[in-house]
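Step one of this worksheet: look at the structure below.
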Amino acid sequence: QVQLVESGGGLVQAGGSLRLSCTASARTVSNYAMAWFRQAPGKEREYVAAINFSGGLQHYADFVEGRFTISRENAKRSVYLQMNSLKPEDTAVYYCAADQTLVVPTRTSDYYYWGQGTQVTVSS
């Protein structure tokens with residue numbers, strides 16, 4: 001069983017930056033693909049970014065447009081999401097996800113383990 005705990009959310013003005021962190025309870029997560037999803041009020045959960053087990057492959061949703069960077073430190077069992085140039089439409093609960101796969105999935109159904117989420121609010 002893998003538990004994921006997100007942190008780093010908060011309130012920021014448009015144009016600002018935040019760095020989200022997700023730490024896993026098990027060392028085996030170093031063999032897992034990890035990803036960030038988000039869910040705004042009244043909307044479905046959507047894919048943001050994913051990274052493979054080694055960190056050598058990253059993938060982003062189109063709306064990221066170069067503003068976010070996903071990275072990981074397997075020694076710390078952690079994955080990060082650096083978010084720059086934030087917009088009000090980025091406001092959502094951000095979730096960390098993990099799954100034991102060599103590829104970089106982008107669908108919510110592809111991930112077995114989920115964190116509880118961290119709120120990101122971007123004011124205009």
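Side chains included, hydrogens not; waters and symmetry mates left out as well; all remaining heavy atoms used.
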Is there a salt bridge (charged side-chain N to carboxylate O under 4.0 Å, His left out) between Asp90 and Lys87 once you walk through the steps?
-> CA-CA 5 Å; Asp90 293 319; Lys87 306 174 183 180; over 6 Å; no

Mind running side chain to side chain contact (heavy atoms under 4.5 Å, CB included) on Arg27 and Arg77 for me, showing each step along the way?
-> CA-CA 6 Å; Arg27 291 186 177 186; Arg77 307 188 306 275; 3.9 Å; yes

Distance, nearest 0.5 Å, that separates CZ of Arg72 from CD of Gln58 = 10.5 Å

Side chain to side chain contact (heavy atoms under 4.5 Å, CB included) between His59 and Thr106: does it pass, once the steps are laid out?
-> CA-CA 8 Å; His59 183 271; Thr106 63; 3.7 Å; yes

Do any N or O atoms from the side chain of Asn84 and from the backbone of Gly16 form a donor-acceptor pair under 3.5 angstrom?
-> no

Distance from Leu20 atom CG to Glu6 atom CD, nearest 0.5 Å?
-> 8.5 Å

Compare all side-chain heavy atoms of Val2 with those of Tyr32 and state whether any distance is below 4.5 angstrom.
-> yes

Looking at Tyr95, is Arg38 sitting on its ring face, NZ or CZ under 6.0 Å from the six-membered ring centre and within 45 degrees of the normal?
-> no

Hey, is CD on Gln3 packed in by over 12 heavy atoms from elsewhere, all under 6.0 Å?
-> no

For Tyr111 and Val104 the tightest heavy-atom approach is OH-C, 4.4 Å

Measuring from Thr108:OG1 to Phe37:CZ, what's the distance to the nearest 0.5 Å?
-> 6.0 Å

Measure across Ser124 and Pro88 and return the closest heavy-atom pair with its distance rounded to 0.1 Å.
-> CB-CG, 3.9 Å

So do the side chains of Ser109 and Arg107 get within less than 4.5 Å of each other, counting heavy atoms only?
-> yes

For Val64, does its backbone N or O pair with a side-chain atom of Arg67 as donor and acceptor, under 3.5 Å?
-> yes

Worked check of side chain to side chain donor-acceptor pair (under 3.5 Å) between Thr23 and Ser78 | CA-CA 4 Å; Thr23 301; Ser78 295; 3.1 Å; yes

Are Val122 and Phe68 in one and the same hydrophobic cluster, where Ile, Leu, Val, Met, Phe, Trp and Tyr link if side-chain heavy atoms are under 4.5 Å apart?
-> yes

Kindly determine whether Gln100 and Tyr112 satisfy side chain to side chain donor-acceptor pair (under 3.5 Å), including the steps that lead there.
-> CA-CA 8 Å; Gln100 191 173 12; Tyr112 186 79; over 6 Å; no

With a 4.5 Å heavy-atom cut-off, do Ser17 and Met83 have their side chains touching?
-> no

Can you hop from Leu81 to Val12 via hydrophobic side chains spaced under 4.5 Å?
-> yes

Between Asn52 (side chain) and Val103 (backbone), is there a donor-acceptor pair under 3.5 Å?
-> no

Taking C-beta and beyond as the side chain, do Leu18 and Leu86 meet within less than 4.5 Å on heavy atoms?
-> yes

Are Trp114 and Leu4 close enough, and set up right, to give a side chain to side chain contact (heavy atoms under 4.5 Å, CB included), and what steps lead you there?
-> CA-CA 6 Å; Trp114 290 86; Leu4 304 174; 5.6 Å; no

Answer yes if the ring centres of Tyr47 and Trp36 are under 6.0 angstrom apart, and no otherwise.
-> no

Taking all non-hydrogen atoms of both residues into account, name the closest pair between Gly9 and Val120 and its distance.
-> CA-CG2, 4.2 Å

Kindly indicate, with the supporting measurements, whether the criterion side chain to side chain contact (heavy atoms under 4.5 Å, CB included) is fulfilled by Tyr94 and Gln119.
-> CA-CA 6 Å; Tyr94 282 71; Gln119 176 70 47; over 6 Å; no

Enter the distance from Thr69:OG1 to Tyr60:OH here, rounded to the nearest 0.5 Å.
-> 4.5 Å

Kindly say whether Leu11 contributes a backbone atom to a donor-acceptor pair with the side chain of Thr121 at under 3.5 angstrom?
-> no

Kindly indicate whether the side chain of Val79, heavy atoms from C-beta on, has any atom under 4.5 Å from the side chain of Ser71.
-> no

Any chance you could measure Cys22, atom SG, to Met34, atom CE, to the nearest 0.5 Å?
-> 4.0 Å

Can you see which heavy atom on Ala40 is nearest to which on Ala92, and at what distance?
-> N-CB, 3.8 Å

Side-chain heavy-atom pair Ile70, Tyr80 within 4.5 angstrom cut-off = no

CD on Glu73 to OG on Ser30, rounded to 0.5 Å = 13.5 Å

For Gln1 and Tyr113, does a side-chain donor sit closer than 3.5 Å to a side-chain acceptor?
-> no

Just wondering, are more than 12 heavy atoms of other shown residues or ligands nearer than 6.0 Å to CD in Gln116?
-> no

